[in-house]
K.L.:
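This structure is in structure tokens; I'll ask about it shortly.
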Protein chains: 4
Amino acid sequence: MSHNSFGHLFRVTTWGESHGPAIGCVVDGCPPRLALTEADIQPFLDRRRPGQSSFTTQRQEADQVRILSGTLDGLTTGTPIGLMIENTDQRSRDYGDIAERFRPGHADLTYELKYGIRDWRGGGRSSARETAMRVAAGAVARRVLGDTVRIRGAMVQMGSHAIDRAAWDWNEIDRNAFFCPDPATAAAWEAELLDIRKSGSSIGAVIELVAEGVPPGLGAPIYGKLDADIAAALMSINAVKGVEIGDGFAAATLRGEGNADEMHMRDGLVQFETNHAGGILGGISTGQAVVARFAVKPTSSILQSRRSVDRHGHDVNVATRGRHDPCVGIRAVPVGEAMLACVLADHLLRQRAQNPDAPSLPRLPRN
Amino acid sequence: MSHNSFGHLFRVTTWGESHGPAIGCVVDGCPPRLALTEADIQPFLDRRRPGQSSFTTQRQEADQVRILSGTLDGLTTGTPIGLMIENTDQRSRDYGDIAERFRPGHADLTYELKYGIRDWRGGGRSSARETAMRVAAGAVARRVLGDTVRIRGAMVQMGSHAIDRAAWDWNEIDRNAFFCPDPATAAAWEAELLDIRKSGSSIGAVIELVAEGVPPGLGAPIYGKLDADIAAALMSINAVKGVEIGDGFAAATLRGEGNADEMHMRDGLVQFETNHAGGILGGISTGQAVVARFAVKPTSSILQSRRSVDRHGHDVNVATRGRHDPCVGIRAVPVGEAMLACVLADHLLRQRAQNPDAPSLPRLPRN
Amino acid sequence: MSHNSFGHLFRVTTWGESHGPAIGCVVDGCPPRLALTEADIQPFLDRRRPGQSSFTTQRQEADQVRILSGTLDGLTTGTPIGLMIENTDQRSRDYGDIAERFRPGHADLTYELKYGIRDWRGGGRSSARETAMRVAAGAVARRVLGDTVRIRGAMVQMGSHAIDRAAWDWNEIDRNAFFCPDPATAAAWEAELLDIRKSGSSIGAVIELVAEGVPPGLGAPIYGKLDADIAAALMSINAVKGVEIGDGFAAATLRGEGNADEMHMRDGLVQFETNHAGGILGGISTGQAVVARFAVKPTSSILQSRRSVDRHGHDVNVATRGRHDPCVGIRAVPVGEAMLACVLADHLLRQRAQNPDAPSLPRLPRN
Amino acid sequence: MSHNSFGHLFRVTTWGESHGPAIGCVVDGCPPRLALTEADIQPFLDRRRPGQSSFTTQRQEADQVRILSGTLDGLTTGTPIGLMIENTDQRSRDYGDIAERFRPGHADLTYELKYGIRDWRGGGRSSARETAMRVAAGAVARRVLGDTVRIRGAMVQMGSHAIDRAAWDWNEIDRNAFFCPDPATAAAWEAELLDIRKSGSSIGAVIELVAEGVPPGLGAPIYGKLDADIAAALMSINAVKGVEIGDGFAAATLRGEGNADEMHMRDGLVQFETNHAGGILGGISTGQAVVARFAVKPTSSILQSRRSVDRHGHDVNVATRGRHDPCVGIRAVPVGEAMLACVLADHLLRQRAQNPDAPSLPRLPRN
């Protein structure tokens with residue numbers, strides 16, 4: 001991944017600032033003759049769109065995506081797919097205060113240090129608004145992966161309050177404002193987050209992603225390992241501070257015999273008895289579900305006042321106005337799904353290039 | 001990162017199998033006129049070298065590195081630096097059992113699934129032996145970074161037993177077999193690991209890396225973020241299942257006001273009061289210490305018998321002979337340091353290219 | 001260069017089809033705090049714009065460029081610069097005939113063979129319309145290079161009729177429709193091209209590019225040589241079939257002593273007595289003018305009828321209607337300049353990364 | 001292409017200096033299960049090897065290649081293939097004179113300007129010795145392409161003396177010291193080159209490459225066009241100053257109707273009546289033979305004295321001793337073939353990734 005592009009063969013380049021005229025991306029390397037219209041992308045954007053509950057920023061953006069190139073009569077042509085969303089609800093005045101001062105814990109400071117200039121309006125390039133284009137690109141990636149690969153995400157922890165994994169029901173995901181698979185926990189979070197918002201604060205979260213139907217053999221060792229690329233993709237999302245594959249940090253506590261996912265044959269296919277590995281061994285997919293988790297810190301734009309400095313080298317206090325998510329982890333769910341889709345699509349193409357006759361099912365390649 | 005290369009401008013390509021004639025790497029893009037001889041690289045290799053305590057594999061490798069190109073009279077020339085280590089203690093016969101069968105939790109299976117062929121001798125390309133070349137490349141990266149950047153690593157948890165962080169003493173690192181900064185914990189680990197080894201098992205670990213003196217401004221948003229590249233670099237190390245920056249997963253439990261690293265001015269420089277961010281905001285270094293952690297699973301090569309399958313589709317049991325580390329996390333410490341060094345060196349060059357007049361200290365760029 | 005992106009650090013990605021709603025590009029890696037508004041880009045686009053003389057296509061496009069991201073208050077911010085031009089004069093009906101049949105010598109056939117689908121409207125992605133975005137990106141590249149680097153191009157041959165190099169006057173370039181530095185030849189070409197156009201035919205051309213003020217040391221041997229990247233950049237332009245550096249193919253006819261550019265010292269600087277090398281030795285700029293030439297074939301869209309086949313495997317005859325350039329070489333001049341600018345800007349950044357203290361003048365680095 | 005690597009999916013990285021202990025390369029991305037031993041590579045190296053006739057340098061190198069990784073039992077494994085050749089006949093003392101002074105027309109000067117240091121022994125990294133590894137990598141590329149693709153090269157011009165194309169006989173290539181397909185011209189060149197060598201001079205040449213059996217659809221528009229990548233690959237060879245595809249610069253002299261390669265159907269396949277395009281349209285292969293030419297300047301290491309400067313800023317005269325090729329174009333033939341093979345192999349993999357069901361014959365994809 002390099003500057004504002006990610007992926008090698010399925011390659012996404014994004015551009016745009018929070019309060020500029022538009023944001024957009026170029027999806028390059030997409031195979032031709034896949035069905036693709038705006039209607040295939042919009043539903044994913046709608047899931048990420050702000051202003052849908054009292055738990056996300058009240059910015060009202062239609063987030064209507066336009067396909068500007070790369071398709072003909074509803075089919076991809078193999079040429080770069082240009083996507084664009086116009087920004088319609090920019091209230092830059094909300095941000096006048098932070099033009100000259102740096103929110104603690106925010107990229108305000110580092111953009112200034114790196115570039116000596118920054119678009120302070122709404123956070124400019126560092127705004128989570130950029131993630132809309134990741135979601136759009138992810139919708140294209142899903143087309144590349146096809147229907148046999150299913151990628152879903154869920155928020156599994158808010159603050160210190162984790163879900164009850166025994167109650168996991170994917171059908172619940174769309175029935176609450178948290179993408180939470182456990183309805184009881186969702187209800188509790190609702191009360192907690194209202195309190196947090198009222199107090200002018202914010203809270204972190206953990207998101208879990210599961211990709212089923214991933215063919216075995218994806219991943220390009222040693223330095224293009226599937227898990228390495230997933231780690232980079234998820235860590236590149238705003239506010240993410242940690243990434244795990246499979247058992248993740250818990251694997252550090254295991255003994256070898258506890259960590260080993262035992263196997264046996266059934267109907268000529270390899271069967272795994274557990275999935276501590278999260279579907280990846282040696283950087284290559286096993287054919288089991290790929291499982292990843294990432295931790296999102298609390299948003300740094302809070303109403304509570306914090307000590308900071310300004311561009312002129314004065315001590316100041318900063319309390320952010322503007323419209324912010326009390327828990328950015330919520331909207332990170334569709335973003336994480338999209339990043340995982342992009343990584344898998346890229347590796348599907350890479351695998352096809354080097355190993356065109358690789359098995360599509362986790363069976364043994366020869367007998 | 002792509003296949004067997006990582007980095008953009010400071011670019012490392014490794015080659016070699018565990019039981020082939022040699023392993024090597026090419027370090028491309030290194031600035032010229034830096035002092036570099038084998039003596040600058042060997043000490044780092046010696047720290048990673050197996051057979052130094054009863055807690056690492058008993059394979060005896062001198063791991064003598066040779067510089068084959070890219071230097072003249074002890075100075076780098078700007079041309080690619082070819083490094084090579086001959087393999088001298090290969091006992092392929094130890095691995096005859098796994099030529100046909102797959103160790104559960106090991107890359108044996110996935111290399112077979114991906115490529116339809118694998119060098120089974122000692123794990124071939126998937127062996128941790130490859131990490132020797134990372135360590136060699138890391139030594140070159142340290143030259144690029146210069147003396148003002150100090151990168152150190154420590155094992156901070158073995159199994160469920162974490163160190164006492166209040167007892168942290170960097171001077172202890174080299175006084176025990178665990179790169180442990182807390183001597184009391186090191187002593188306890190010694191007893192525990194002897195038991196684990198005796199029982200034919202293995203155990204996981206957590207390693208923490210700290211880079212001090214990192215100039216602010218390193219990192220290429222959005223998809224070349226410093227933390228994204230660190231995450232990929234660490235996740236690409238054998239057996240790693242999780243990566244954290246700064247507070248990592250604990251950040252998910254924080255409120256916004258608790259996570260914000262407050263700032264004030266002192267002597268014209270920005271001072272941070274805490275470092276929850278681990279030295280990175282918005283994917284760009286702040287000038288604070290860069291702090292990263294990674295989790296290493298227990299090695300899958302254990303004496304205890306596990307259920308598995310063979311290449312012919314038969315159910316089998318696998319118990320690994322051969323010489324293995326009961327806790328691969330130990331030798332992952334110098335490897336993690338090296339990967340962090342490589343990422344920082346790469347980003348130093350990238351920053352220099354786009355922002356040649358960026359501040360070298362965390363001060364405000366203009367007043 | 002990869003798919004629809006070129007450059008490593010100064011990286012341009014283009015998108016868009018001839019008859020889609022818009023074309024655009026993303027310029028990534030541009031240093032911050034450079035003055036840049038639409039007014040800095042538009043003049044270069046105007047030079048390439050069709051419909052300006054009777055010798056270019058009569059398509060009328062305003063080619064008004066918009067900067068959609070990457071600048072604030074007229075300064076670049078270091079974030080990706082999104083540029084877009086709306087297509088306003090698409091007459092797809094002119095192309096109905098070629099929806100099903102392939103123009104001989106045109107990419108119609110190969111896009112169909114590669115992708116199994118193609119946007120036939122106006123040539124789709126293969127149209128020279130894409131080169132407008134190269135010109136826009138080139139204008140940004142010139143900002144990166146600064147005023148000390150001057151890049152100019154001229155048409156030096158049309159068909160078999162070459163200019164009189166003794167009559168070369170750069171001031172003449174903008175006084176004729178051919179970017180021709182020799183007014184007498186320009187007048188002759190005018191008569192010749194009118195005849196060619198009347199006969200429903202087209203003609204090839206040779207363009208020469210000269211970049212003065214290029215600092216020595218640009219170029220990344222062995223496989224990122226400056227001349228190799230220039231060759232790729234120019235060969236990537238529509239209809240280009242040959243590229244030369246310095247004496248080019250004529251160098252094959254020389255003896256060693258005739259080819260050697262002798263040197264002597266003057267005022268502490270190295271002086272070259274000739275420039276057979278075209279400013280590049282060993283893939284690295286010498287500080288002399290960089291000189292490159294490229295050959296453009298005649299456009300394949302001609303009124304004269306040619307034998308071909310259609311998508312259904314029938315023999316057909318093809319005579320192209322639509323609006324076409326009788327000599328595409330003319331408008332290739334600003335495109336060639338732009339590509340050279342982009343390559344030089346990219347290598348300037350790359351050089352800065354690896355060799356930040358490289359000499360900026362062709363003097364000897366130490367004494 | 002970037003620094004010392006070229007290719008995207010079939011990726012070659014070379015290292016080593018002329019008079020260092022060894023030279024080598026890493027071939028990454030090679031598909032698995034291809035038959036490959038040293039015996040598959042050595043014959044190509046032997047064709048390039050110096051000291052085989054009185055028309056090449058008298059340096060005596062066995063150029064014995066070793067495969068150090070990436071194969072098992074004579075089959076590729078999909079992991080990086082490490083290749084190495086030891087340098088055995090270095091006479092650095094021959095070069096003592098040029099340690100301090102710059103050969104006019106040679107990279108001596110520019111390496112010094114770029115890096116501030118250079119390995120002067122035998123030209124160091126800029127020596128044509130590096131091309132041995134290109135030839136080795138090319139042999140691997142041929143394996144990837146398989147037997148249906150045939151790549152051959154010939155020297156078609158020495159100085160101003162071109163072959164008689166009517167006399168072209170591929171069988172003659174290996175019967176003379178010039179890779180010349182026209183025996184009468186070969187005989188004449190022999191006399192001419194003896195004279196040139198006696199006079200302490202050197203001479204340029206033109207090489208033509210022909211690849212038959214290239215499947216249609218190879219090439220990644222817009223900036224990864226097949227001809228753009230070929231141009232870069234050939235221009236990256238030492239001493240090359242020009243590259244042509246198909247008619248090349250002669251295409252500039254043609255009318256549209258003369259340049260168009262007409263087509264008709266025969267037996268359900270598209271038949272071309274001519275091949276002005278050199279097998280590439282719009283950057284994509286047509287299925288016809290790919291034809292490329294490149295011009296090589298005379299070697300700059302000549303016995304005749306030339307005016308130059310030294311590192312201390314003094315005017316000097318330079319006459320090169322050492323052992324040099326009077327016509328480096330001769331040994332450039334196998335190097336050019338190898339580069340073309342590498343580009344085609346890379347694009348074969350890229351095509352497979354994006355268009356796995358692309359037609360393998362130049363037939364129409366659907367009816």
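Naming convention: chains lettered A, B, ... in sequence-line order (proteins, then strands); numbering from 1 in each chain. In what follows, every heavy atom counts, from backbone to side chain, and hydrogens, waters and symmetry copies are set aside. All values reported here derive from a predicted model rather than from experimental measurement.
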K.L.:
Run the side chain to side chain contact (heavy atoms under 4.5 Å, CB included) check on C:Phe249 and D:Gln157 step by step: do they pass?
P.N.:
CA-CA 11 Å; C:Phe249 276 85; D:Gln157 186 180 322; over 6 Å; no

K.L.:
Less than 4.5 Å to any heavy atom of chain D: does that hold for the side chain of C:His106, its backbone, both, or neither?
P.N.:
backbone

K.L.:
With chain D, which of C:Met235, C:Glu244, C:Glu130, C:Arg307 has the greatest number of heavy-atom pairs at distances under 4.5 Å?
P.N.:
C:Arg307

K.L.:
So, D:Thr110 side chain and C:Leu281 main chain: donor-acceptor pair closer than 3.5 Å or not?
P.N.:
yes

K.L.:
Looking at chain C, which one of D:Gly200, D:Ala205, D:Ser300 has the largest number of heavy-atom pairs inside 4.5 Å, strictly under?
P.N.:
D:Ala205

K.L.:
Within the structure provided, determine whether C:His276 and D:Lys297 are in side-chain contact (heavy-atom separation under 4.5 Å).
P.N.:
no

K.L.:
Taking the side chain as C-beta and beyond, is there a heavy-atom pair between C:Asp247 and D:Lys241 under 4.5 Å?
P.N.:
no

K.L.:
So, for C:Lys114 and D:Gly219, which heavy atoms are closest and what is the spacing to 0.1 Å?
P.N.:
NZ-O, 2.6 Å

K.L.:
Do C:Asn238 and D:Lys225 have side-chain heavy atoms sitting under 4.5 Å apart?
P.N.:
yes

K.L.:
Give, as side chain, backbone, both or neither, the part of C:Ala277 having an atom under 4.5 angstrom from any heavy atom of chain D.
P.N.:
both

K.L.:
For C:Met265, is there any backbone N or O sitting under 3.5 Å from a side-chain donor or acceptor partner on D:Asp315?
P.N.:
yes

K.L.:
Which heavy atom of D:Thr286 sits nearest to which heavy atom of C:Leu113, and what is that distance?
P.N.:
O-CD1, 4.0 Å

K.L.:
What pair of heavy atoms forms the shortest contact from D:Phe272 to C:Leu109, and how long is it?
P.N.:
CZ-CD2, 3.4 Å

K.L.:
Side chain, backbone, both or neither: which part of C:Ile237 has a heavy atom under 4.5 Å from chain D?
P.N.:
backbone

K.L.:
Flag the pair D:His3 / C:Gln354 as yes when at least one side-chain heavy-atom distance between them is below 4.5 Å, and no otherwise.
P.N.:
yes

K.L.:
Given the options D:Ala107, D:Ser308, D:Gly282, which has more heavy-atom pairs under 4.5 Å with chain C than any of the others?
P.N.:
D:Ser308

K.L.:
Nearest 0.5 angstrom please: D:Gln351 CD to C:Tyr115 OH, how far?
P.N.:
8.0 Å

K.L.:
Examine whether an atom of C:Ser285 lies under 4.5 Å from a heavy atom of chain D, and if so say whether it belongs to the side chain, the backbone or both; otherwise answer neither.
P.N.:
backbone

K.L.:
Among D:Gly258, D:Pro221, D:Ala231, D:Gly283, single out the residue with the greatest number of heavy-atom pairs under 4.5 Å to chain C.
P.N.:
D:Pro221

K.L.:
So does C:Glu257 get a backbone contact from the side chain of D:Arg306, meaning a donor-acceptor N/O pair under 3.5 Å?
P.N.:
yes

K.L.:
Contact between C:Glu273 and D:Pro104 at the side-chain level, heavy atoms closer than 4.5 Å - yes or no?
P.N.:
no

K.L.:
Side chain, backbone, both or neither: which part of C:Asp261 has a non-hydrogen atom closer than 4.5 Å to chain D?
P.N.:
backbone

K.L.:
Measure across D:Asp227 and C:Val240 and return the closest heavy-atom pair with its distance rounded to 0.1 Å.
P.N.:
OD2-O, 4.4 Å

K.L.:
So which residue, D:Leu226, D:Thr299, D:Val206, D:Ile196, ends up with the most heavy-atom pairs under 4.5 Å with chain C?
P.N.:
D:Ile196

K.L.:
Side chain, backbone, both or neither: which part of C:Tyr111 has an atom under 4.5 Å from a heavy atom of chain D?
P.N.:
both

K.L.:
Picking from C:Gly329, C:Ser126, C:Ser201, which has the most non-hydrogen pairs under 4.5 angstrom with chain D?
P.N.:
C:Ser201

K.L.:
Under 4.5 Å, counting heavy-atom pairs only, tell me which of D:Met263, D:His264, D:Gln304 racks up the most with chain C.
P.N.:
D:Met263

K.L.:
Can you tell me which portion of C:Ile302 sits under 4.5 Å from chain D's heavy atoms? Options are side chain, backbone, both or neither.
P.N.:
side chain

K.L.:
Tell me, out of C:Val296, C:Thr13, C:Val243, who's got the most heavy-atom pairs with chain D below 4.5 Å.
P.N.:
C:Val243

K.L.:
Please report the shortest heavy-atom distance between C:Pro298 and D:Gly256, naming the atom on each side.
P.N.:
CB-N, 3.5 Å

K.L.:
With rounding to the nearest 0.5 Å, note down the distance linking OH in D:Tyr223 to CZ in C:Arg11.
P.N.:
11.5 Å

K.L.:
Please lay out, stage by stage, how C:Arg125 and D:Ile222 fare under the test side chain to side chain contact (heavy atoms under 4.5 Å, CB included).
P.N.:
CA-CA 8 Å; C:Arg125 182 70 182 151; D:Ile222 301 293; 3.4 Å; yes

K.L.:
As an exercise: rank C:Gly159, C:Gly105, C:Ala260 by heavy-atom pairs under 4.5 Å with chain D and give me the winner.
P.N.:
C:Gly159

K.L.:
Under 4.5 Å, counting heavy-atom pairs only, tell me which of D:Asp108, D:Val318, D:Asn259, D:Leu218 racks up the most with chain C.
P.N.:
D:Asn259

K.L.:
How close do D:Ala252 and C:Ala295 get, heavy atom to heavy atom, and via which atoms?
P.N.:
CB-CB, 4.3 Å

